[in-house]
Structures are given as C-alpha cells and as structure tokens.
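See below for the structure under consideration.
Numbered from 1 within each chain, the chains take letters A, B, ... in sequence-line order. Worth knowing before you read on, the calculation uses all heavy atoms, side chains too, and leaves out hydrogens, waters and symmetry mates.
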Amino acid sequence: MIEILYFAWVRERIGLPKERLETSAATVADLVEELKAREERYAAAFADLTALRVAVDQELTEFDAPLDGVREVAFFPPMTGG
Amino acid sequence: MIEILYFAWVRERIGLPKERLETSAATVADLVEELKAREERYAAAFADLTALRVAVDQELTEFDAPLDGVREVAFFPPMTGG
Amino acid sequence: MAVRVQHEPFDFGAEANAFAAGRSDAGAVVTFTGIVRDLARGDLDRMEIEHYPGMTERALGGIEAEARARWDLRDCLIIHRFGTMVPGDMIMMVATASPHRADAFQAAEFLMDYLKSRAPFWKKEYTRDGALWVDSKDADEAALGRWAKG
Amino acid sequence: MAVRVQHEPFDFGAEANAFAAGRSDAGAVVTFTGIVRDLARGDLDRMEIEHYPGMTERALGGIEAEARARWDLRDCLIIHRFGTMVPGDMIMMVATASPHRADAFQAAEFLMDYLKSRAPFWKKEYTRDGALWVDSKDADEAALGRWAKG
C-alpha cells in the first residue's frame, strides 16, 4: 500500500487530499499512468507533467524514480513559498 | 581662515581635535606640507599619506584637491564603520 | 538553530531581538521577512498558504543544514507560517548570524532562494473575482543556479 | 527613509517591527545589524566609536540616496551609534523594503559596503593591555568594487 498525497491545484482537480492505493507500478511515471487511466479528473490533473513536481517519501525526486519500498508519494505544482 | 579637523589616531598624534588656520596653501597637499613644517607631531601624523584620508567641506576627496573657497578640511585614517 | 512551521502569527521584532541579543560571537546578523503584498490593482482580500506537513520541516531542516555547511554561521532561524493571511501580514522570516557580514548575507539569500522553490508551500490569492494559485516564477528557479557547486 | 546617528542604544526589534509593520506595498524586508564582537582572545573590555558630526549625516544620506536610485526601494533606514559600547551591544542597523527580494538584499549589502568604508566612523578597542584603533580591511575596500557602474 502506498499513500498518495495531492496539494494545491492538483488536490483541487482530483478532489481529495490523499488516498491509499495498492499498486504494482514500478516507477512514479507508471503510477501516474495507472491513475490517469482511472478517471477523467486524474487525466486532467496529470495532463502536463512539466507543470508538476513529485516527492517520494517526502524528498523531491523525478518521475522516473522507483517505487520499491516507498510508503508515500506526493504530487503538486512548483512550490511558491517565502 | 580654514578650519582643520583631525580624527582617530591623527587627532591623538597631533594632540588636538581641530584648529583654525590662515593659509595660502593652494591644495590639500600644500597644506599638509605647511603643517608638517610646523612641528614634529604634525610630521609624524602626516608621515605616510597613503594611510590617511581627507575630506574637504565634508566630502571625501584627494590630496591634490584645491583649497580655494574651502571652509573645512578634515584628516583621518581609513574609516571603520558598520 | 531552529526551524518553525506554524499557523500562528509571529512577532518579527521580538524574534529578531531574541536572535541577536548579546551575540558577542557573531558581529553580523541578517534577517529577511516576507510580507503579504497587495495585488497591483489593490484588491487582494486574503492569501491562503497550504503546505505539506512533515516534508516541510524536513525540507527546511535540510536547507538550513546546507547553509550551515557552506558558511560560517553561529546561528540560523527559519519561521514560516501557513493558513490565512491578509495584506501586510508577515508570512515568514529567516535570520542568520556570522562573524562575517558576507557570510550572513549570502546564507540568508541562499535560505530564501531554496525556500522559495524547494520548500513545499503553495500560495493562493483570493480577490472579489475569485481565487488563483500563485504561479512559480522562472526567476526564482534561476536564482538557485548561482548556488550550484563548481 | 531615515538616517539616524545617535549616542543612545536603539531597540533593534522595535525598529525592525516598525519598519516592516503593515507594509503591503513591499513584500521583502531585509535588515542587517552590526554587533560589538569580542576579540578572539575574549578580552575586549569596550569599544569606542568616534565620528565626524555633520559629515556622518551627509555621507549616510548620500549612500541612502544612491541605494534608492539603484534599486526599487519603498523604504530604507540607517541607524548608527557612536560612543562607548561593550561586547554584545548593537552598533548599527540598516533596513530595506522592496517589492523584490533581490533588490532588498542587494540594497542592504550596498548600504553596508559603503557604510563600512565611506562613512566617517572609527573604532577603537580597549583591552586590559591597552587600546588599539581598528584597522580598515582590504576586503572591505574590495567589496566596494562590485558596485562600480559599468
């Protein structure tokens, strides 16, 4: 089971802040394809990956990152702190 | 009459913070020569001009600055504010 | 050395004074404070800042550790709020203390550049006409480039 | 916009808060504070700062005007003390407010670099062994070079 978190407009577009998922996806990119295939709101949220960032177990990473042993994946737009 | 001010170790070496002087010196450098000729303490204070800075009417300037119309000349070491 | 992520307002002056008080080990203290700025057309009703609890503290802690590794810092403070704020409210502050003013300035700029683009905060602006997520700026991403190690 | 040259201590936190309070025109506030640092061998009894009344205010006012001409500043503050101070005492502060954080940082660094080498202050350190005028640093003079106009 992986916990998936969504923030900012990704959260709004998908309509929920987090969910738990049983997945056999090998990488973040595979997971994204699996989510996009589920429902239109996921397809809309993940339409342009260049507009998104991903963190795996709370560390920023790339979409080709492996999911082996991972507990938490988060998707969000570029950060705007400060 | 020109008012001459001394600060920091220049003041200590010459032994007074300011004095008024009637001078026909054309430039700051001429004034320095005039002062050095007066007494040993002036010669000591002005021995190394590279260690000194000069302000004419409260603006930093160079030793070749003219004294025509000037009211105030100040001599001091490099500044150490902040 | 401290990182605080909080909903409540903070007292910038009190934090700055506590940070700098009696610091005879470091002659230079730099602070940066981010304030909610009104929009050009003057109609910002409020700003809401969302964050990623857990990752935020990790990211800020990592950025602070990197700053301490790069510069001669005697102390370092990061405070960042989340939740609802109005124009004029203080969003965040950083403070650095060093024996050298160049170190204090550079470390504070480094903290800000990383915090802007690498700490998981997102701002949403509310006006009478609706709400918009603040876009990230290319300039903020570009600012990180100058800290790349040779 | 203000320049203050004074003998009395100032309250850094209160000044910083007053400077930043409700500033919805400028999202970025940077402060620098200079603190009397003890000597490496820990025996600084006190520091005395001498200045050139009249020229000091002119020089600081000129430096502040130059900073306002170069960067988009909504406000700017310089406070510098003279007289006797002990380790941990605050000597001076600058503060800058801008819509852009790079402007706020650069203007504050510019103010500090000019103030260090172009404002007529001189520091003398007193220890049990005697008193020494603080030497100007080549690095401080060199720091001015980066602000030269092309």
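Contacts between residues 131-139 of chain C and chain A, counted as heavy-atom pairs separated by less than 4.5 Å, involve Trp133(C), Val134(C), Asp135(C), Ser136(C). Within residues 12-44 of chain C, no residue has any heavy atom closer than 4.5 Å to a heavy atom of chain A.
Taking 4.5 Å as the limit, every side-chain heavy atom of Thr56(C) sits out of range of all side-chain heavy atoms of Gln58(A). The shortest side-chain heavy-atom distance between Glu59(A) and Arg58(C) falls under the 4.5 Å cut-off.
Side-chain atoms of Lys116(C) never come within 3.5 Å of backbone atoms of Thr80(A) as a donor-acceptor pair (strictly under, hydrogens ignored). Remark: the backbone N or O of Gly81(A) is not paired with any side-chain donor or acceptor of His80(C) at under 3.5 angstrom.
For chain A, the nearby part of Lys124(C) is the side chain; its heavy atoms alone come within less than 4.5 Å. Both the backbone and the side chain of Leu115(C) have a heavy atom closer than 4.5 Å to some heavy atom of chain A. Proximity to chain A (any heavy atom under 4.5 Å) is shown, for Arg118(C), by both the backbone and the side chain. Within the 4.5 angstrom heavy-atom criterion, no atom of Arg53(A) approaches chain C. Neither the backbone nor the side chain of Pro17(A) comes within contact range of chain C; no heavy atom of the residue lies under 4.5 Å from a heavy atom of that chain.
Around the CG atom of Asp68(A), the shell of radius 6.0 Å holds no more than 12 heavy atoms that belong to other residues, nucleotides or ligands. Other residues, nucleotides and ligands contribute more than 12 heavy atoms inside 6.0 Å of the CZ atom of Arg70(C). By the neighbour-count criterion of 12 heavy atoms within 6.0 Å, atom CD of Glu62(A) is sparsely surrounded, having that number or fewer from other residues, nucleotides or ligands. Within a 6.0 Å radius of CZ in Arg128(C), no more than 12 heavy atoms belonging to other residues, nucleotides or ligands are found.
From Trp122(C), atom CH2 reaches atom CZ of Phe7(A) across 5.0 Å, with rounding to the nearest 0.5 Å. Annotation: the span from Trp9(A) atom CH2 to Glu50(C) atom CD amounts to 12.5 Å, rounded to 0.5 Å. Rounded to the nearest 0.5 Å, atoms CE (Met79(A)) and NZ (Lys123(C)) are 13.0 Å apart.
Nearest heavy atoms, Ala55(A) versus Tyr52(C): CB-CE1, 4.4 Å.
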